[in-house]
Engineer: 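After the structure tokens below, expect a handful of questions from me.
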Amino acid sequence: MSQLSLYNTLKRRKEAFLPLNPPHVGLYVCGPTVYGDPHLGHARPAITFDILFRYLKHRGYKVRYVRNITDVGHLVNDADEGEDKIAQKAKLEALEPMEVVQYYLLRYHRAMEALNVLPPSIEPHASGHIPEQIEFIQKIIESGYAYESQGSVYFDVEKYDRDHRYGKLSGRNIDELLETTRALDGQSEKRRSLDFALWKKASPEHIMRWKSPWSIGFPGWHLECSAMSTKYLGEEFDIHGGGMDLLFPHHDCEIAQSCAALGKESVRYWMHNNMITINGQKMGKSLGNFITLEEFFNGNHALLTQAYSPMTIRFFILQAHYRSTLDFSNEALMASERGLSRLMEANARLEKLKPATQASLKLEGLRQRCEEAMDDDLNTPIVISQLFDAARVINLVHDGKESISETDLQEIREVFRIFIEDILGLVSESGSTTNNEAYKKAVDLLLNIRQEVKQNKDWATSDRIRKELTDLGFEIKDGKEGFEWTPPSGI
RNA sequence: GGUUCGUUGGCCGAGGGGUUAGGCACCGGUCUGCAAAACCGUUUACGGCGGUUCGAAUCCGCCACGAACCUCCA
């Protein structure tokens, strides 16, 4: 096996992945703020790190995958000045904040399950870790990198930067940031505009509030990840992932917080997935150009010419490398839909393939090429291209134009199972999961009758059976040796 | 303005000093009662200008265009 290498944003290059305490791997990924329906943008990090999770397990690692749920502290606008996103939504809909969280979290989980994203090992809520966050703030205060101001606590960025370096993940430096950050109105409790909140005193109308040594209030947004990753993965752990849009300030603040509180670097490998774009622009809430996953699944959106199944979405995302932007269009999605169906049909055909004693084709290095592609910073597009090459071989054998040996057939079967199902997480949606034998036999019966009337050149009856089944959504394919059929999708 | 990163054929998207990525679409063919599927073949590439090199889409420089981040965002 080759060496797994991953692109470390901190170093701006690929590095050999060597876990801290093999065979254990600690993985932390920034999860959603649950105040709205999950959209295509949410699918990208979920799927990217699902692939990493699956591949690390495939390589024999014992992975603890922590993906948090932000349900408090994430403010609507100006860092540290705006309203809490969850609280705002709750107010709008006249609900308890936790009702909002419950509602959208459920919808998030449902969408992730449809996309065949494995649940993480632990999914901690920020609101469920207030004591841990308070303790974390105390540590930062003790180390001298935070100060209290009118019941709120802020991180002293300037002091931290003198001793360490603030902004090293995103490549920013504090002087430039000071120049470009707009002047404060003078009313601020903060010493410097760059300082960020660790704890905020709640205003009277603020509904989400907890007791702390400083005030009744709520934790700053960046803090939850530092506190919860430390709790579940330790002061030092292997991989921290998230979207590129979180690089600054979120992840740079996390680094500063953890370093200030713990006196060391917490994260060894930082990984960031790129954005999904629409007409070259980031798909996002603020731009109002996002499409929810549910809308993709039911096709109910002005920009969609049709519905796209969860597996089509998953495959579409996997056909691009996770560090590249991926541009949405109906054309691109339809191409993915067709390609996926070709690949999955080849996969299904694999079961029926017969090996030959005199093989005309030899299979070499398929598994190795797939593994090398995954080892090269999770290059799923290359893995898929390898699988398509194999699919062509499968179809040739299926058509009787080529033949392969028993050994090669077993090898392809195993490689397909491992890479398509276990690692890429692609599952058949065509309804082959239907276990109703009577139903299957009924369709077989109809098609057998059709075979018989075809013998008598009764094309009218033959075409009628095919047409009516096709109208019902079945797909009928005549082969050299009998027929193949797939049921309507969604069964 | 700063930071980071892009610009590949009709579309999506890998690769990254010399050798076919792959998918989808298109066109032609094989197969088929017809169709679908499958297979075979063909076509269209590396933003511009310089430089390094025997050789650059790939390395370097400049320019143009675009994006993300610097405000909430996955």
Side-chain angles (χ1 to χ4, degrees), chain A residues 9 12 29-33 35-36 38-46 48-49 74-79 81-83 85 167 169-173 175-177 179-182 194 221 241-250 252 272-277 280-287 290 315-316 319-321 323-343 345-346 349 373 376 379-389 391-392 394-396 398-402 454 457-459 462-463 466-467 470 475-480 484 486:
Chain A
T9 312
R12 307 270 165 198
V29 175
C30 289
T33 302
Y35 71 112
H39 58 79
L40 188 57
H42 290 98
R44 188 105 198 246
T48 296
F49 294 105
H74 204 165
L75 305 181
V76 183
N77 47 52
D78 267 9
E81 301 296 334
E83 204 175 355
K85 287 182 169 187
L169 184 63
S170 60
R172 280 165 173 78
N173 76 61
D175 298 325
E176 282 157 3
L177 285 167
E179 275 171 36
T180 54
T181 308
R182 103 188 89 103
L194 288 179
W221 171 45
M244 270 186 189
D245 50 351
L246 296 176
L247 246 155
F248 190 87
H250 187 54
D252 262 320
H272 293 90
N273 63 275
N274 214 321
M275 304 291 103
I276 289 181
T277 59
Q281 266 210 320
K282 176 178 163 179
M283 189 178 274
K285 272 225 162 69
S286 59
L287 295 158
F290 68 97
F315 189 66
F316 171 66
Q319 271 187 301
H321 188 259
R323 280 190 292 113
S324 299
T325 54
L326 171 58
D327 201 53
F328 155 84
S329 69
N330 281 285
E331 216 181 345
L333 275 166
M334 281 189 262
S336 289
E337 185 178 55
R338 296 290 298 273
L340 174 64
S341 125
R342 196 159 94 85
L343 190 61
E345 272 179 44
R349 269 177 198 149
D376 185 15
N379 200 328
T380 53
I382 293 291
V383 174
I384 290 169
S385 79
Q386 295 301 328
L387 296 172
F388 271 117
D389 283 344
R392 191 173 43 80
I394 292 167
N395 287 328
L396 282 167
H398 176 258
D399 283 359
K401 288 170 181 156
E402 303 282 358
K454 273 174 75 179
K457 296 199 192 307
D458 179 1
W459 309 127
S462 156
D463 287 353
R466 185 174 65 193
K467 182 175 187 309
T470 305
E475 208 179 334
I476 313 300
K477 290 165 197 161
D478 293 341
K480 274 211 165 65
E484 278 185 329
T486 52

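Labels below follow one simple rule: chain letters A, B, ... track the order of the sequence lines, proteins then strands, and each chain is numbered from 1.
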Engineer: Start with the C-alpha gap between Asn274(A) and Arg44(A), add the side-chain angles, then the distance that decides, and say whether side chain to side chain contact (heavy atoms under 4.5 Å, CB included) holds.
Structural biologist: CA-CA 8 Å; Asn274(A) 214 321; Arg44(A) 188 105 198 246; 4.1 Å; yes
Engineer: Is there a side-chain contact between Arg338(A) and the phosphate of A25(B), meaning an N or O under 4.0 Å from OP1 or OP2?
Structural biologist: yes
Engineer: What residues, two or more places apart in sequence or in another chain, satisfy salt bridge (Lys or Arg N to Asp or Glu O under 4.0 Å) together with Lys477(A)?
Structural biologist: Glu345(A), Glu475(A)
Engineer: Select one nucleotide: of G22(B), A14(B), A74(B), the one nearest the side-chain heavy atoms of Asp389(A).
Structural biologist: G22(B)
Engineer: What's the separation between atom CD1 in Ile476(A) and atom OG1 in Thr470(A), rounded to the nearest 0.5 Å?
Structural biologist: 5.5 Å
Engineer: For the C1' atoms, the ones on A56(B) and on C46(B), what distance do you get once it is rounded to whole angstrom?
Structural biologist: 11 Å
Engineer: Whole Å only: how far is the NZ atom of Lys477(A) from the C1' atom of A38(B)?
Structural biologist: 9 Å
Engineer: Using atom CG of Leu194(A) as one end and atom C1' of U3(B) as the other, report the distance to the nearest whole Å.
Structural biologist: 14 Å
Engineer: Rounding to a whole Å, what distance do you find between Lys282(A):NZ and G66(B):C1'?
Structural biologist: 16 Å
Engineer: Can you tell me how far the NE2 atom of His272(A) sits from the SG atom of Cys30(A), to the nearest 0.5 Å?
Structural biologist: 7.5 Å
Engineer: What's the spacing between Met275(A) CE and Lys282(A) NZ if we round to 0.5 Å?
Structural biologist: 5.5 Å
Engineer: Look up atom CD in Gln319(A) and atom CG in Leu340(A), then write down how far apart they are to the nearest 0.5 Å.
Structural biologist: 8.5 Å
Engineer: Please work out if Met283(A) contacts a base, only the sugar-phosphate, or nothing of the nucleic acid, heavy-atom cut-off 4.0 Å.
Structural biologist: base
Engineer: Taking the side chain of Arg172(A) as its heavy atoms from C-beta onward, which of A68(B), G23(B), C70(B) lies nearest to it?
Structural biologist: C70(B)
Engineer: Of the nucleotides C12(B), C69(B), G22(B), which one has an atom closest to the side chain of Ala332(A)?
Structural biologist: C12(B)
Engineer: Given that Gly243(A) and Thr325(A) both sit by RNA chain B, which one's nearest nucleotide is further toward the 5' end?
Structural biologist: Thr325(A)
Engineer: Measuring from the side chain of Arg342(A) (C-beta onward, heavy atoms only), which nucleotide among G23(B), A14(B), A74(B) has the closest atom?
Structural biologist: G23(B)
Engineer: Between U43(B) and G28(B), how many Å separate the two C1' atoms, rounded to a whole number?
Structural biologist: 11 Å
Engineer: Phosphate oxygens OP1/OP2 of A68(B): is one of them under 4.0 Å from a side-chain N or O of Asn274(A)?
Structural biologist: no
Engineer: Expressed in whole Å, how much space separates the P atoms belonging to A57(B) and C49(B)?
Structural biologist: 11 Å
Engineer: Mind checking Gly41(A) for me? I need base, sugar-phosphate or nothing, with any heavy atom below 4.0 Å counting as a touch.
Structural biologist: base
Engineer: Nearest of C70(B), A21(B), A74(B) to any side-chain atom of Pro381(A)?
Structural biologist: A21(B)
Engineer: Can you pull every protein N or O that's under 3.5 Å from an N or O on nucleotides 32-34 of chain B?
Structural biologist:
from: G33(B); atom 1: O6; to: Ser462(A); atom 2: OG; distance (Å): 3.2
from: G33(B); atom 1: N1; to: Asp463(A); atom 2: OD1; distance (Å): 2.9
from: G33(B); atom 1: N2; to: Asp463(A); atom 2: OD2; distance (Å): 2.8
from: C34(B); atom 1: O2; to: Arg466(A); atom 2: NH2; distance (Å): 2.8
from: C34(B); atom 1: N3; to: Arg466(A); atom 2: NH1; distance (Å): 2.9
from: C34(B); atom 1: N3; to: Arg466(A); atom 2: NH2; distance (Å): 3.2
from: C34(B); atom 1: N4; to: Arg466(A); atom 2: NH1; distance (Å): 3.4
from: C34(B); atom 1: N4; to: Asp478(A); atom 2: OD2; distance (Å): 3.4

Engineer: Would you indicate, yes or no, if G22(B) has its OP1 or OP2 atom less than 4.0 angstrom from a side-chain nitrogen or oxygen of Arg392(A)?
Structural biologist: no
Engineer: Send over the distance from His321(A) NE2 to A21(B) C1', rounded to a whole Å.
Structural biologist: 15 Å
Engineer: Looking at every strand, decide which applies to Met275(A) at a 4.0 Å heavy-atom threshold: base, sugar-phosphate, or nothing.
Structural biologist: base
Engineer: Can you check the distance between G18(B) and C39(B), where both ends of the measurement are the P atom (answer in whole Å)?
Structural biologist: 30 Å
Engineer: State, yes or no, whether a side-chain contact exists between Ser324(A) and Leu326(A) at a heavy-atom distance under 4.5 Å.
Structural biologist: no
Engineer: Between Phe328(A) and Glu345(A), just flag the one whose closest nucleotide in RNA chain B comes earlier from the 5' side.
Structural biologist: Phe328(A)
Engineer: Using 30° and 60° as the class boundaries, would you call the ring planes of Phe388(A) and Phe315(A) parallel, tilted or perpendicular?
Structural biologist: perpendicular
Engineer: Give the stems involving RNA chain B, where a stem is 3 or more consecutive Watson-Crick or G-U wobble pairs (i with j, i+1 with j-1, and so on) under 3.5 Å.
Structural biologist: B:1-7 with B:64-70, B:10-12 with B:22-24, B:27-30 with B:38-41, B:47-51 with B:59-63
Engineer: On a whole-Å scale, what distance lies between the P atoms belonging to A37(B) and C27(B)?
Structural biologist: 13 Å
Engineer: When rounded to the nearest Å, what value does the distance between C1' atoms of U71(B) and A21(B) take?
Structural biologist: 41 Å
Engineer: Quick one: Ile394(A) CD1 to A37(B) P, roughly how many Å, whole number?
Structural biologist: 18 Å
Engineer: To the nearest 0.5 Å, tell me how far Asp463(A) CG sits from Lys454(A) NZ.
Structural biologist: 9.0 Å
Engineer: Write down the distance between CG (Asp327(A)) and P (U7(B)), rounded to a whole number of angstrom.
Structural biologist: 13 Å
Engineer: With a non-hydrogen cut-off below 4.0 angstrom, is Ile276(A) in contact with a base, only sugar-phosphate, or nothing?
Structural biologist: base
Engineer: Roughly how far, to the nearest 0.5 Å, is the CD1 atom of Ile276(A) from the OG1 atom of Thr325(A)?
Structural biologist: 10.0 Å
Engineer: Scan His398(A) against the nucleic acid and name what it touches under 4.0 Å (heavy atoms): base, sugar-phosphate only, or nothing.
Structural biologist: nothing
Engineer: Please measure how far the P atom in G41(B) lies from the corresponding atom in G22(B), and state the result in whole Å.
Structural biologist: 11 Å
Engineer: Can you tell me how far P of C12(B) sits from CG of Leu333(A), to the nearest Å?
Structural biologist: 12 Å
Engineer: If I pick the P atom on G61(B) and the same atom on C5(B), what distance separates them, to the nearest angstrom?
Structural biologist: 13 Å
Engineer: Looking at C5(B), does its base get a donor-acceptor pair with the side chain of Arg323(A) below 3.5 Å?
Structural biologist: no
Engineer: Leu396(A) has a side chain; which of G13(B), C40(B), A74(B) sits nearest to it?
Structural biologist: C40(B)
Engineer: Return the nearest nucleotide to the side chain of Asn395(A); candidates are G23(B), C11(B), A38(B).
Structural biologist: A38(B)
Engineer: For a side chain to side chain contact (heavy atoms under 4.5 Å, CB included) check, start with the C-alpha distance between Arg342(A) and Asn395(A), then their side-chain angles and the critical distance, and finish with the verdict.
Structural biologist: CA-CA 10 Å; Arg342(A) 196 159 94 85; Asn395(A) 287 328; 3.9 Å; yes
Engineer: May I have the step-by-step check of side chain to side chain contact (heavy atoms under 4.5 Å, CB included) for Phe248(A) and Leu169(A), ending in yes or no?
Structural biologist: CA-CA 8 Å; Phe248(A) 190 87; Leu169(A) 184 63; over 6 Å; no
Engineer: Expressed in angstrom and rounded to an integer, what is the separation of Glu331(A) atom CD from C24(B) atom P?
Structural biologist: 13 Å
